[in-house]
Amino acid sequence: MTDITKRFGDVYANRNVCLNIYKGEILSLLGENGSGKTTLMNMLSGIYFPDSGSIEVNGVPVVIKSPKDAFALHIGMIHQHFKLIDVFTAAENVLLGINGKLKDAKDGIKQICDKYGFAVESDKKVYEMSVSEKQTLEIVKVLYRGADILILDEPTAVLTPQETEKLFSVMRAMKADGKSVVIITHKLHEVLDISDRVAVLRKGEYIGDVNTGDTDAQSLSNMMVGRSVSLNIERPIVEKTTTRLKVEHLSVRDNLGVLRLDDVSFDAFGGEILGIAGITGSGQKELLEAIAGLQAAEKRSSIIYMDPKTGMEEQLCGKNPQQIYSMGVGFAFVPEDRLGMGLVGSMDIPDNMLLRSYLDGKSGFVNMKKPKELASQVVDELGVVTPNLKTQVSKLSGGNVQKVLVGREIAGDPALLMTAYAVRGLDINTSMAIYQLLNEQKKKGTAVIYVGEDLDVLLELCDRIMVLCSGRVSGIVDGRAATKEQIGLMMTSIGGTDKND
């Protein structure tokens, strides 16, 4: 890729980027949020078309106007959000958009699985698959189409350590077969583990590349940000902790009657960060939503909140979110679906700040002074990349949307702060800023419940970690003493730990 430039309005997503990808290598693409990594790869895979610049494949100049053009050039991209049809089988998904027979697809899937060590059941429906199986199917799908250059966007975001290592084994097998693999990730330890070379983008421009064997996490962070960045996550010790939340026998069913949480019990203390670990879909979302009043709990369930102002115990089961809010319960909730549940995409940043405070007004008119001040504060402190405060939130990159949401929720100084995947898709610099904000809340005596997917972060940041598996508690462990392998096994119900540990 030579002198690739892509603009959206007045904003340069990529400016004169030159990038080489070599045969038989694993290349990591690093950069802060909004640095243009995914945009650059979307131009290689045919989703966007560059405003200027040129692309050559095997030394031949090419024009890539669509994913179909990319596939014809043996380029395939596995996106962060899977492009699968749930009610179709694996084989039917592989055949989507191409001519072929189902029997041939099944034979092709078997050959690919045998060659690279995959495990895919051709007749299994997508809705019956785990996240890891869906991702494997996406990779098989592009290999079936003959891809020699594979681009993986945040492939390990929702995988356990064991699943990640399995994926890396497959990537190494593809590399040995002469494939070129490009991985977009924010996890520096994974970059150092899997890649041969690292290319760094900063603010849409190409900074340079380095052989992985010649660098370390600190040097890569400095390249990404342009200055020295501390990679040490604090875990301050708070001398006095108080019970803020007592959950007993919590069970929750979804709207189809499926049991999502099964007899969950735990305490959360003011002055600590309680981590929640588990494979995606293990009940993390339902747990936080039940506490926030967004999900109805079964009859035997109990959620007791200890009000720090009055010292009174409040039963939250049976109350709706507005009732909980009017009780003065200091909740802040960063949901998993940031645009669907957390923010209104068609509104600007100050208006989204107002969503938390409009009921505080004394009349029928809203005062925009405080929301505007908070918007400016969040943009400055978390480095939100936006043309201006009046830009619609939906037009920001995913990482910047997350910054707006987390900044707004933490600014309320809650007594109980619940976050779901607060740093998902965020670069290391912004993630460190958010960990610091959570620690500041902890020091103030706030009870922080942190649902995360990066086990390294959970082990460094959290005081205790509760592990969920299929809606049940596998165990609660000390964050200072537990290991990544131990938690990974607990996430799959192997080697469970005593709940009172």
Side-chain angles (χ1 to χ4, degrees), residues 28-33 37 80-81 130-132 135 152-168 183-195 217-218 220-221 224 229-235 273-282 284-285 288 334-336 338 398-399 402-403 405-406 417-439 442 448-469 474 477-480 482-492:
S28 287
L29 197 55
L30 274 183
E32 291 189 277
N33 295 117
K37 306 180 298 297
Q80 203 169 345
H81 302 289
S130 68
V131 173
S132 175
Q135 186 178 72
L152 290 83
D153 192 359
E154 298 283 354
T156 65
V158 290
L159 301 183
T160 67
Q162 288 83 358
E163 289 169 337
T164 296
E165 190 48 53
K166 190 174 178 182
L167 172 65
F168 284 0
I183 176 173
I184 301 172
T185 180
H186 290 109
K187 300 178 181 179
L188 295 179
H189 61 281
E190 292 182 355
V191 170
L192 295 169
D193 182 20
I194 189 64
S195 60
Q218 187 65 60
L220 291 174
S221 298
M224 285 168 56
V229 178
S230 172
L231 297 180
N232 295 320
I233 299 176
E234 266 192 87
R235 181 159 44 196
I273 298 178
L274 174 66
I276 309 291
I279 298 169
T280 299
S282 295
Q284 302 96 314
K285 176 173 175 283
L288 298 196
V334 181
E336 188 175 359
R338 50 200 174 198
Q402 188 76 327
K403 293 178 190 179
L405 178 58
V406 173
L417 172 64
M418 300 190 295
T419 69
Y421 310 110
V423 298
R424 175 181 278 174
L426 296 186
D427 57 72
I428 186 66
N429 194 36
T430 308
S431 297
M432 295 301 292
I434 287 176
Y435 302 147
Q436 185 58 38
L437 288 172
L438 295 179
N439 274 321
K442 169 184 167 180
V448 180
I449 298 178
Y450 177 87
V451 175
E453 52 205 358
D454 189 328
L455 296 190
D456 291 290
V457 171
L458 282 163
L459 288 166
E460 285 187 66
L461 178 69
C462 302
D463 300 284
R464 292 183 301 137
I465 301 169
M466 181 171 79
V467 184
L468 290 176
C469 177
S474 292
V477 297
D478 185 339
R480 292 171 177 81
T483 65
K484 192 160 73 167
E485 291 72 24
Q486 176 190 7
I487 293 175
L489 290 171
M490 290 168 68
M491 287 164 66
T492 53

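- Partners of T185 according to the side chain to side chain contact (heavy atoms under 4.5 Å, CB included) rule, which considers only residues two or more places apart in sequence or in another chain, are E154, I183, K187, E190, V191.
- Residues N439 and E234 come closest through the heavy atom pair ND2-O, 3.1 Å.
- Under the side chain to side chain contact (heavy atoms under 4.5 Å, CB included) criterion, S221 pairs with L188, V229, L231, I428, not counting sequence neighbours.
- Checked against side-chain hydrogen bond (donor to acceptor under 3.5 Å, both in side chains), S195 has the following partners two or more places apart in sequence or in another chain: S28, T212.
- Taking every heavy atom of both residues into account, M490 and S474 meet most closely at O-OG, 3.0 Å.
- The salt bridge (charged side-chain N to carboxylate O under 4.0 Å, His left out) check on D463 picks up K442, R480, with sequence neighbours excluded.
- Here I449 contributes atom CD1 and Q284 contributes atom CD; the two are 12.5 Å apart, rounded to the nearest 0.5 Å.
- The two residues T419 and L417 make their nearest non-hydrogen contact at CG2-CG, 3.9 Å.
- Closest of all the heavy-atom pairs between L458 and G452 is CD1-O, 3.8 Å.
- With sequence neighbours excluded, the residues forming a side chain to side chain contact (heavy atoms under 4.5 Å, CB included) with L459 are I465, A482, K484, I487, listed by chain and number.
- Remark: R235 engages no residue in a salt bridge (charged side-chain N to carboxylate O under 4.0 Å, His left out) (not counting sequence neighbours).
- Here the side chains of Y421 and E453 are in contact, with some heavy-atom distance below 4.5 Å.
- Taking CG of L167 as the start and CD of Q135 as the end, the distance is 5.5 Å to the nearest 0.5 Å.
- Legend: residues meeting salt bridge (charged side-chain N to carboxylate O under 4.0 Å, His left out) with E460, ordered by chain and number and at least two apart, are absent.
- In terms of the salt bridge (charged side-chain N to carboxylate O under 4.0 Å, His left out) criterion, K403 has no residue partners (sequence neighbours excluded).
- The side chain to side chain contact (heavy atoms under 4.5 Å, CB included) check on E485 picks up T483, with sequence neighbours excluded.
- Distance CD1/I276 to OG/S282: 11.5 Å, rounded to 0.5 Å.
- Here the options are I434, L461, V406, the test is side-chain contact (heavy atoms from CB on, under 4.5 Å), and the partner is V423; only I434 passes.
- Residues M418 and L288 share a closest heavy-atom pair of CE-O, 3.5 Å.
- Of all the heavy atoms in M491 and C469, the pair that sits closest is O-SG, 3.3 Å.
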